[in-house]
Amino acid sequence: MRSAVTVSLTASAVLAGGLFAGQAQAAPAVPSITAPGGFVMNNGTGTTLFGKAADTRRSTGSTTKIMTAKVVLSQRNLNLDAKVTIQKAYSDYIVSKNASSARLIVGDKVTVRQLLYGLMLPSGCDAAYALADKFGTGTTRAARVKSFIGKMNDEARKLGLRNTHFDSFDGISSGQNYSTPRDLTKIASSAMKDSTFRSIVKTKSTKQKVTTKTGGYRYMSWTNTNKLLSTYSGAIGVKTGSGPQAKYCLVFAATRGSKTVIGTVLASPSEANRAADVKKLLDYGFAR
């Protein structure tokens, strides 16, 4: 009888050991990404799920516009329906920088909400300029823009980010516009607490009615540059970025069930590499 019990216990131990070993083997392998910098975290808990050169400062391209939107949305007594008249300076800026554009037309009156769509979907640097001019303080446009960029840096400090600095409202840098995968993820996580921001960055395309200079109206159609929204189940944002220095960047987020995974890849060598990296990181984040 004693022998049978021993055999039974031994068999149980072997089975249990095999089961636990199988569970250990089933743990997801840490992915390898081509981007030199990446970071992923559980948005609900703040737990780090993946990091690769997560605190190395890099150019951020248009992912900078996440902070642009965050500063606007943090304004006291913000009226999203307030109208902003599009100035020739915004159009001239786009031309001089060969920058991405929301195709805003001089003299049109566009609401703050619409400018945020123009900022985040087609990555309009003209929309970014209009918002910086509207929400900065000062008697000249240059002073207002400088003030707005100062607010962007103030927000970064409030979030405790030591490896982030902005010198532009749109990511077109004069050399001192940088962040890290970890910092950008934290900025996005904070911005995603705002319902207006969440609604905008998950929008694939929109058609907006704006008032013309003569008091009529026209429709502006904008498509989101973030293709992840159409290619990854549960994707909810956040923002693309690209440029000669920044290469291909993406701050991304997706929700499945009760879990939201959020992260950043910086300096991917191509758009295809960026897409592949992000899919790997999201799959890994949800498997953890």
Are [X] and [Y] connected in the hydrophobic side-chain network, where two residues link if heavy atoms are under 4.5 Å apart?
X	Y	value
Val71	Ile66	yes
Val261	Phe50	yes
Leu49	Val30	yes
Val106	Val210	no
Met67	Ile172	yes

Between Tyr129 and Tyr90 (judged by ring centroids, cut-off 6.0 Å), do the two rings come close enough to count as a pair? yes
For this output row, return yes or no: ring centroids of Phe169 and Tyr93 closer than 6.0 angstrom. yes
Check: [Y] main-chain N/O paired with [X] side-chain donor or acceptor under 3.5 Å:
X	Y	answer
Arg198	Met192	yes
Thr212	Gly216	yes
Ser91	Lys88	no
Ser74	Lys70	yes
Ser189	Thr185	no
Arg274	Ser268	no
Thr164	Leu161	no
Thr60	Thr63	no
Arg103	Gly124	no
Lys83	Asp108	no

To the nearest 0.5 Å, what is the distance between [atom1] ([X]) and [atom2] ([Y])?
X	Y	atom1	atom2	result
Asn226	Tyr232	CG	OH	13.0 Å
Leu116	Leu73	CG	CG	5.5 Å
Leu115	Leu80	CG	CG	10.5 Å
Thr255	Lys202	OG1	NZ	9.5 Å
Thr111	Lys209	OG1	NZ	13.0 Å
Ile187	Leu184	CD1	CG	5.0 Å

Could you list the residues that satisfy side chain to side chain contact (heavy atoms under 4.5 Å, CB included) with Gln208, not counting sequence neighbours? Gln114, Tyr117, Thr206, Trp222
Looking at [X], I want to see if its [atom1] is surrounded by more than 12 non-hydrogen atoms of other residues, nucleotides or ligands under 6.0 Å.
X	atom1	answer
Arg162	CZ	no
Lys259	NZ	yes
Asn98	CG	no

Does any part of the side chain of [Y], heavy atoms only, come nearer than 4.5 Å to the side chain of [X], both counted from C-beta?
X	Y	answer
Ser59	Tyr178	no
Ile149	Asn177	no
Phe135	Leu78	yes
Leu119	Val72	no
Ile33	Lys52	yes
Asn79	Val112	no
Leu266	Thr264	yes
Leu281	Phe252	yes

Pair Thr64, Met152 - check side chain to side chain contact (heavy atoms under 4.5 Å, CB included), show working. CA-CA 9 Å; Thr64 297; Met152 294 170 70; 3.7 Å; yes
Would you check if there is a donor-acceptor pair between the side chains of [Y] and [X] at a distance under 3.5 Å?
X	Y	result
Asp167	Ser174	yes
Asn163	Thr180	no
Ser101	Asp126	yes
Thr223	Lys204	no

Carefully, step by step, assess Asp277 and Thr34 under the rule side chain to side chain donor-acceptor pair (under 3.5 Å). CA-CA 7 Å; Asp277 284 347; Thr34 55; 3.0 Å; yes
List the atom of [X], the atom of [Y], and the distance in Å for their closest heavy-atom pair.
X	Y	answer
Ala235	Leu228	CB-O, 3.4 Å
Ile200	Asn224	O-ND2, 4.4 Å
Gly118	Ala127	C-CB, 3.8 Å
Ser62	Ser100	OG-OG, 4.5 Å
Arg288	Thr48	NH2-O, 4.3 Å
Ala188	Val251	CB-CG1, 3.5 Å

Please step through side chain to side chain donor-acceptor pair (under 3.5 Å) for the pair Thr260 and Asn43, ending with a clear verdict. CA-CA 5 Å; Thr260 297; Asn43 195 50; 5.2 Å; no
Side chain to side chain contact (heavy atoms under 4.5 Å, CB included) between Arg57 and Ser179, worked out: CA-CA 5 Å; Arg57 296 174 178 180; Ser179 189; over 6 Å; no
Show every donor-acceptor pair shorter than 3.5 Å between a side-chain atom in residues 238-249 and any protein atom, with sequence neighbours excluded, or say none if there are none.
{"from": "Lys239", "atom 1": "NZ", "to": "Ser123", "atom 2": "OG", "distance (Å)": "2.9"}
{"from": "Thr240", "atom 1": "OG1", "to": "Thr225", "atom 2": "OG1", "distance (Å)": "2.6"}

Below 4.0 angstrom, N of the basic side chain to O of the carboxylate: do Asp170 and Lys65 qualify? no
Could you go through Asp81 and Arg113, starting from their C-alpha distance and side-chain angles, then the distance that decides it, and tell me whether this counts as side chain to side chain contact (heavy atoms under 4.5 Å, CB included)? CA-CA 6 Å; Asp81 296 317; Arg113 189 192 311 273; 3.6 Å; yes
Testing Arg157, Lys151, Lys158 for salt bridge (Lys or Arg N to Asp or Glu O under 4.0 Å) with Glu155, which one passes? Lys158
